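Data block below; observations after.
Index from 1, following the sequence. Since the structure is predicted, the reported quantities are computational estimates derived from the model, not experimental observations.
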Amino acid sequence: MTRRLITRLWPRTLTGQLVFLLLGAIILTHVVLGIMLAEERRDAVASERRGNALLRVSALSRILTTTPSENWPDVLRVAQSPQTRLRLVLTSDVVNSDDLVSQGLTERLNAFLATSPDVQANVDILSEDACWAEKHRLRDVREEKFSDSEMPGKKDVSPHRGVHDIFEEAIEKKGRSDKPDLKQSDQRAHGKNIAPWALRYLDRFDCHGAPVMQLAVPIFSTLPDKIRDDGQPNIWLEAMIGGVTPPPRFVFDNMIRVVMSALVIGIITFFLARRISRSWAVLTRAADRVGRGDYPEPVPETGPLEIRRAAKAFNRMTARLKRFVEDRTRMLAAISHDLRTPITSLRLRAEFVEDPENRARIIETLNEMEQMVEAAMTFAREETANEKTRKIDIAALVESAVEDLAETGRPIAFSGEVTPRVYPCRPLSIKRAFGNLVSNALEYGATVEVAIQDADDDGLWIEISDDGPGIPIDQREQVFEPFFRLEESRNRDTGGIGLGMAIARTAIRAHGGEIYLEDAPQGGLLARIYLPPAKL
């Protein structure tokens, strides 16, 4: 089924095939190059996006190291975005992934931070499933927090507490009573069952754009009263950053470029291929004319080198064929002249034969020889006819021939509608072939009908039917051989010489057509002359 569809869609002309092949090669090249460049572009854009994200986080971490802790919520609030979610935690469970991408990003981030080698920042690349899992984990922790807070004497020990919880723990350890002022919204969050920001920071984060980067950066405060002696960070900054997904391989702009380039190249290829195929078309028409017995002017030797060589070879072939035919015609004319002289001489000598019976037989044999020579010459001339091709109304030609025979009292009629059909041919040759077939039909049939109809391929059918005995199927091909007669006697009154059908087929084949013999509907023989479509 697929092969049949490809065969049906495959162009049949040289121009169409050249355009199709070149466009196919161009489009395939664009697709392959587009895939290769898209992969490089994806890698470059993804690396650039991830690098910018690392730079933003490292810059934010440096800001936090020089900012008092009571201002950290404001810093984080300013740095938040739909694709960048930040939180501060006492301990972080973000670990490096084993893949090379995460390890490379971790090295870049630590190079930006220049932190202590004992405490390193961590980078993890989360898939979409891992992102949703992290959101569900925080949701479970939040639900657990609410359920535990309802039980008396239960204390929140979750490591993912909010910034204000971290402040409270730090104040309790130092024994200070000047607790930072909480904003009114945060006070409502502690007073009601509303989770702190640390547990809500992924609620509105879109995990559909995964993979996303999850980072954990240690914050070492540089303020004199905040520096720790144990070398551990004051706090961890965790970030969930989206929007680092590589761009799609194919975008609309790439498709427009492919279509525009294919259109331009297709137009150029069409005119170039049409120029090349025009030379082939001229050569085809000339070859068709030679096949019909014409000898046109030499084909112009223009175009590409291969076409020039083909045109040159065709011109040489045509010239040699024409010279061969002319030499054969001159040779046959000479043979005809030379044969007539001895036959005439023998006829004169036969008059001196004393025996009347022998003299009559000799003269009859000489007459038969002369008739055979004339018939052979007619057959040869038909093969080598040099009549010029003209455009005529072939329907009018056939109708007039039928009317001429009908006026002499012959039982022949033209059936069907007569519509003008202009056809390029050699009129005398067609008329002679038609006349030979009609003569045979009138010889063996009581009535003869002639009709003309169009062929399915825009050609032409001329049909001659009779009600005679017909021709056996096994002998229908033999009747076209020269000097073959169904009637085995040599009496011209009962069968002629046997060249009429051969001459008719030679004339029709010289026009590129054919003669078919079939059974007629009325029981006789149906002779069908097919003439192929010809360009006017």
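For the side-chain hydrogen bond (donor to acceptor under 3.5 Å, both in side chains) test, no residue two or more places apart in sequence or in another chain qualifies with Glu354. Remark: Glu477 engages Arg505 in a salt bridge (charged side-chain N to carboxylate O under 4.0 Å, His left out) (not counting sequence neighbours). Scanning for side-chain hydrogen bond (donor to acceptor under 3.5 Å, both in side chains) contacts around Arg476 gives Asp519, with sequence neighbours left out. In this structure Pro427 satisfies the side-chain contact (heavy atoms from CB on, under 4.5 Å) test together with Glu387, Arg390, Ile392, sequence neighbours excluded. Judged as a side-chain contact (heavy atoms from CB on, under 4.5 Å), and not counting sequence neighbours, the contacts of Ile267 are Leu263, Phe271. Residues that satisfy the salt bridge (charged side-chain N to carboxylate O under 4.0 Å, His left out) test with Arg361, not counting sequence neighbours, are Glu357. For the side-chain hydrogen bond (donor to acceptor under 3.5 Å, both in side chains) test, no residue two or more places apart in sequence or in another chain qualifies with Glu403. Residues passing the salt bridge (charged side-chain N to carboxylate O under 4.0 Å, His left out) test with Arg308: none are found, sequence neighbours excluded. Every residue two or more places apart in sequence or in another chain was checked for a side-chain hydrogen bond (donor to acceptor under 3.5 Å, both in side chains) with Asp456, and none qualifies. Under the salt bridge (charged side-chain N to carboxylate O under 4.0 Å, His left out) criterion, Asp393 pairs with no residue at all, not counting sequence neighbours. Residues that satisfy the side-chain contact (heavy atoms from CB on, under 4.5 Å) test with Pro521, not counting sequence neighbours, are absent from this structure.
Atom CZ of Arg309 sits in a sparse spot, with 12 or fewer heavy atoms from other residues, nucleotides or ligands closer than 6.0 Å. Glu364 CD: 12 or fewer foreign heavy atoms inside a 6.0 Å radius. The environment of Glu351 atom CD is dense: over 12 non-hydrogen atoms of other residues, nucleotides or ligands sit within 6.0 angstrom. For NZ of Lys431, the number of neighbouring non-hydrogen atoms (other residues, nucleotides, ligands) closer than 6.0 Å is 12 at most. More than 12 non-hydrogen atoms from other residues, nucleotides or ligands lie less than 6.0 angstrom from CG of Leu348.
Side-chain contact between Arg347 and Glu370: present, with at least one pair of heavy atoms (C-beta onward) separated by less than 4.5 Å. Between Pro411 and Leu442 the shortest side-chain heavy-atom distance falls below 4.5 Å. Between Tyr516 and Leu526, every side-chain heavy-atom pair lies at or beyond the 4.5 Å cut-off. Contact annotation: the side chain of Phe480 approaches that of Leu517 to within less than 4.5 Å [non-hydrogen atoms, C-beta and beyond]. Met240 is listed as a side-chain neighbour of Val212, based on a closest heavy-atom distance under 4.5 Å. Looking only at side-chain heavy atoms (C-beta outward), Arg421 and Asp454 come within less than 4.5 Å of each other. Side chains of Leu283 and Phe314 form a contact here, defined as non-hydrogen atoms less than 4.5 Å apart.
The shortest heavy-atom contact between Phe414 and Val402 is N-CG1, 3.9 Å. The two atoms that bring Ala350 and Ile362 nearest to each other are CB-CG2, 3.7 Å, heavy atoms only. In terms of heavy atoms, Pro424 sits closest to Thr389 at C-CG2, 3.8 Å. Pairing each heavy atom of Phe434 with each of Ala401, the nearest pair is CE2-CB, 3.8 Å. In terms of heavy atoms, Ala507 sits closest to Ser429 at CB-OG, 3.2 Å. Considering every non-hydrogen atom in both Ala311 and Pro300, the closest pair reads CB-O, 4.0 Å.
Remark: Asn315 CG to Glu301 CD distance equals 5.0 Å, nearest 0.5 Å. One finds the CD1 atom of Ile515 at 8.5 Å from the CZ atom of Arg509 (value rounded to the nearest 0.5 Å). Here the CD1 atom belonging to Ile503 is positioned 11.5 Å from the CG atom belonging to Leu437, to the nearest 0.5 angstrom. Atoms CG and CD, on Asp404 and Glu399 in that order, are 10.5 Å from each other to the nearest 0.5 Å. We find the CD-CD1 distance between Glu407 and Ile412 to be 12.0 Å, quoted to the nearest 0.5 Å. The structure places CZ of Arg50 at 9.5 Å from CG of Leu54, a figure rounded to the nearest 0.5 Å.
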_side chain to side chain contact (heavy atoms under 4.5 Å, CB included) between Ile529 and Ile430, worked out_ = CA-CA 10 Å; Ile529 300 176; Ile430 293 292; over 6 Å; no
*Starting from the C-alpha separation in whole Å, work towards a yes-or-no answer on side chain to side chain contact (heavy atoms under 4.5 Å, CB included) for Asp355 and Arg359.*
CA-CA 6 Å; Asp355 188 355; Arg359 183 172 61 247; over 6 Å; no
*How far apart are the C-alpha atoms of Arg320 and Met317, what are their side-chain angles, what is the distance that settles it, and do they pass the side chain to side chain contact (heavy atoms under 4.5 Å, CB included) test?*
CA-CA 5 Å; Arg320 292 169 182 170; Met317 180 197 70; 5.8 Å; no
*asked:* Go through it in stages, so that I can follow the logic: the residues are Met213 and Ile125, the test is side chain to side chain contact (heavy atoms under 4.5 Å, CB included), and I'd like the CA-CA distance, side-chain angles, deciding distance and then a yes or no.
replied: CA-CA 5 Å; Met213 287 199 309; Ile125 300 296; 3.4 Å; yes
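A donor-acceptor pair is defined here as one N or O able to donate and one able to accept, closer than 3.5 Å; such a pair exists between the side chain of His511 and the backbone of Arg426. Ser400 contributes a side-chain N or O that, together with a main-chain N or O of Leu397, makes up a donor-acceptor pair within less than 3.5 Å.
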For residues 461-468, please give each side-chain donor-acceptor pair under 3.5 Å, one per line with the distance, not counting sequence neighbours.
unit_1, atom_1, unit_2, atom_2, d
Glu463, OE2, Gln453, NE2, 2.9
Glu463, OE2, Arg528, NE, 3.1
Glu463, OE2, Arg528, NH2, 3.2
Ser465, OG, Gln522, NE2, 3.3
Asp466, OD1, Gly468, N, 2.9
Asp466, OD1, Leu525, N, 3.3
Asp467, OD1, Ala446, N, 2.7
Asp467, OD1, Thr447, N, 3.1
Asp467, OD2, Thr447, OG1, 3.2

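For the side chain to side chain contact (heavy atoms under 4.5 Å, CB included) test with Met501, the passing option among Ile471, Asn440, Thr506 is Asn440; the others fail.
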